[in-house]
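Side chains are part of it too, since the values below use all heavy atoms of this structure and drop only hydrogens, waters and symmetry mates.
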Number of protein chains: 2
Amino acid sequence: MTQSDLRIGDLARRTGVGAATIRYYGDIGLLPEAGRSEGGQRHYGPSHVERLTFIKRCRELGFSQDDVRALLTHADQSDASCEDVAQLAKKHLEVVRAKLATLQVLENSLEYMVHACHGGRIEDCRIVKALANHD
Amino acid sequence: MTQSDLRIGDLARRTGVGAATIRYYGDIGLLPEAGRSEGGQRHYGPSHVERLTFIKRCRELGFSQDDVRALLTHADQSDASCEDVAQLAKKHLEVVRAKLATLQVLENSLEYMVHACHGGRIEDCRIVKALANHD
DNA sequence: GCTTGAAGCTCTAGCAACTAGAGGATTCAC
DNA sequence: GTGAATCCTCTAGTTGCTAGAGCTTCAAGC
């Protein structure tokens, strides 16, 4: 029990990640297991803060758990080339761009539908008609 | 067993929705229950084709199951006003736009990270560093 | 030292929207 | 009548958490 030890609530407040989520990350092996007090409560050190911050940032950027795992593994090998990391980031950027494109199409369709509707009875509703037709 | 009856595989092929998903939609009440043959196999009619197409289109546009349920309910009341439908569509359009905005921010961050990386050792990798820092 | 309330523990179940697989029954064409 | 294709039900898995029940531990104040 060093002075720098944090209980799960402290770590949660410091990183902005919920306690339940921190436990979950421990369970699935994303975050190394914490030390335990005699009573069984988790104690975290500075390395956990760092790692959890890394994980959080990855998740905010939309990386999947598997991606995060891979990124962590690479990041741990300090003298490896960072090509793999860059590759992962690029791949993810592609995914994000694909999603963006899809959403933009959706936006257009929805906008069209919303504009096409001028009130009236459902029977004549252009939105409903647009939804009922396949191309 | 009318001539127009479809077995689940036929309906799947005709609509592009998988058989398992069709059964699932029946289970959760999105699609009305099909008639059954003596042996217990499902038989669908033209109304099912229509409704499933509607559902599929909604899902493609990103509407949630609850939204789809609401849209179907409204669409069924042929002489109601279509204001509620338009309202749902507008609300969904907002959601889509919010997602777009988030993704665009992500895209920028990722792009920046990818460009910042010029190869080298992990230890110096700007991507890893960007991921490790909270703002 | 004792009390008390906050914070922690484990375990289970739930969310959305399907998808996959096991193991068996039905249907249909030949 | 046979064999292949299709269908049936049921269960469990996916992703990434989140909520709750019921119990224990910790830390601060008296």
Side-chain angles (χ1 to χ4, degrees), chain A residues 1-3 5-31 33-44 48 51-52 54-72 92 95-96 99 102 106, chain B residues 1-3 5-31 33-44 48 51-52 54-72 92 95-96 99 102 106:
Chain A
M1 285 206 245
T2 334
Q3 211 182 4
D5 272 13
L6 300 169
R7 298 172 69 188
I8 200 166
D10 303 322
L11 183 59
R13 268 182 298 279
R14 190 165 298 195
T15 58
V17 177
T21 304
I22 294 174
R23 279 190 211 101
Y24 170 70
Y25 284 163
D27 289 346
I28 63 169
L30 259 194
L31 196 64
E33 274 302 331
R36 298 283 184 140
S37 73
E38 281 191 11
Q41 303 202 346
R42 292 170 177 83
H43 283 268
Y44 297 93
H48 288 104
R51 204 173 186 84
L52 187 52
F54 187 95
I55 294 169
K56 190 196 176 197
R57 187 104 180 83
C58 290
R59 297 289 303 122
E60 284 169 354
L61 287 167
F63 285 98
S64 71
Q65 273 183 11
D66 274 357
D67 286 342
V68 177
R69 220 178 284 273
L71 286 167
L72 282 168
H92 184 54
V95 172
V96 168
K99 275 191 200 157
T102 308
L106 290 197
Chain B
M1 282 207 244
T2 333
Q3 212 181 3
D5 273 11
L6 301 169
R7 298 173 68 189
I8 199 167
D10 303 323
L11 183 59
R13 267 183 298 279
R14 190 164 299 194
T15 59
V17 177
T21 304
I22 294 173
R23 279 189 211 102
Y24 169 70
Y25 284 163
D27 288 347
I28 63 168
L30 259 195
L31 196 64
E33 275 301 331
R36 298 284 183 140
S37 72
E38 283 191 9
Q41 303 202 347
R42 292 171 177 82
H43 282 268
Y44 297 92
H48 288 104
R51 204 171 186 85
L52 186 53
F54 186 96
I55 295 169
K56 190 196 175 198
R57 188 104 179 83
C58 289
R59 296 291 302 123
E60 284 169 353
L61 286 168
F63 285 98
S64 71
Q65 272 183 12
D66 274 357
D67 285 342
V68 177
R69 220 179 284 272
L71 286 168
L72 282 168
H92 185 54
V95 172
V96 168
K99 274 190 200 158
T102 307
L106 290 196

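- Contact annotation for B:Arg36: backbone-only contact, meaning every heavy-atom pair under 4.0 Å involves sugar-phosphate atoms and none involves a base.
- Whole-Å rounding puts the A:Arg13 CZ to C:dA6 C1' distance at 11 Å.
- Of all non-hydrogen atoms in B:Leu106 and A:Gly62, the two that sit nearest each other are CD1-N, 4.4 Å.
- Contact detail for A:Ala12 and A:Ala19: the closest heavy-atom pair is CB-N, 4.0 Å.
- Rounded to a whole Å, the CD atom of A:Gln41 is 11 Å from the C1' atom of C:dA6.
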Please write out the pairs of protein N or O atoms and N or O atoms of nucleotides 17-21 of chain D separated by less than 3.5 Å, giving the distance to one decimal.
residue, atom, partner, partner atom, Å
D:dC17, OP2, A:Tyr25, OH, 2.9
D:dC17, OP2, A:Arg59, NE, 2.5
D:dC17, OP2, A:Arg59, NH2, 3.4
D:dT18, OP2, A:Thr21, OG1, 2.7

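- A:Arg42 comes within 4.0 angstrom of sugar-phosphate atoms only, judged by non-hydrogen atoms across all strands, and of no base.
- Residues B:His43 and B:Ser37 come closest through the heavy atom pair NE2-CB, 3.6 Å.
- Atom CG in A:Asp27 sits roughly 11 Å away from atom C1' in C:dC11 (whole-Å rounding).
- Nucleotide D:dT9 holds its P atom 9 Å from the CD1 atom of B:Ile8, rounded to whole Å.
- When all heavy atoms of A:Ile28 and A:Arg69 are compared, the closest pair comes out as O-NH1, 3.0 Å.
- Rounded to 10°, the angle separating the first-five-pair axis and the last-five-pair axis of the helix from C:dG1-D:dC30 to C:dC30-D:dG1 equals 10°.
- Atom CZ in A:Arg69 sits about 12 Å away from atom C1' in D:dG16, given to the nearest Å.
- When the P atom of D:dA5 is taken as reference, atom CZ of B:Arg7 falls 13 Å away, rounded to whole Å.
- Within 4.0 Å (heavy atoms only), B:Arg23 reaches at least one base atom of the nucleic acid.
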**OP:** Step by step, work out the side-chain contact (heavy atoms from CB on, under 4.5 Å) result for A:Leu52 and A:Tyr44.
**Re:** CA-CA 11 Å; A:Leu52 187 52; A:Tyr44 297 93; over 6 Å; no
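- Considering all non-hydrogen atoms of both residues, B:Ala34 and B:Arg42 come closest at CB-CB, 3.8 Å.
- Whole-Å rounding puts the A:Tyr44 OH to C:dC9 C1' distance at 11 Å.
- For the pair B:His48 (side chain) and B:Leu6 (backbone), a donor-acceptor distance under 3.5 Å is absent.
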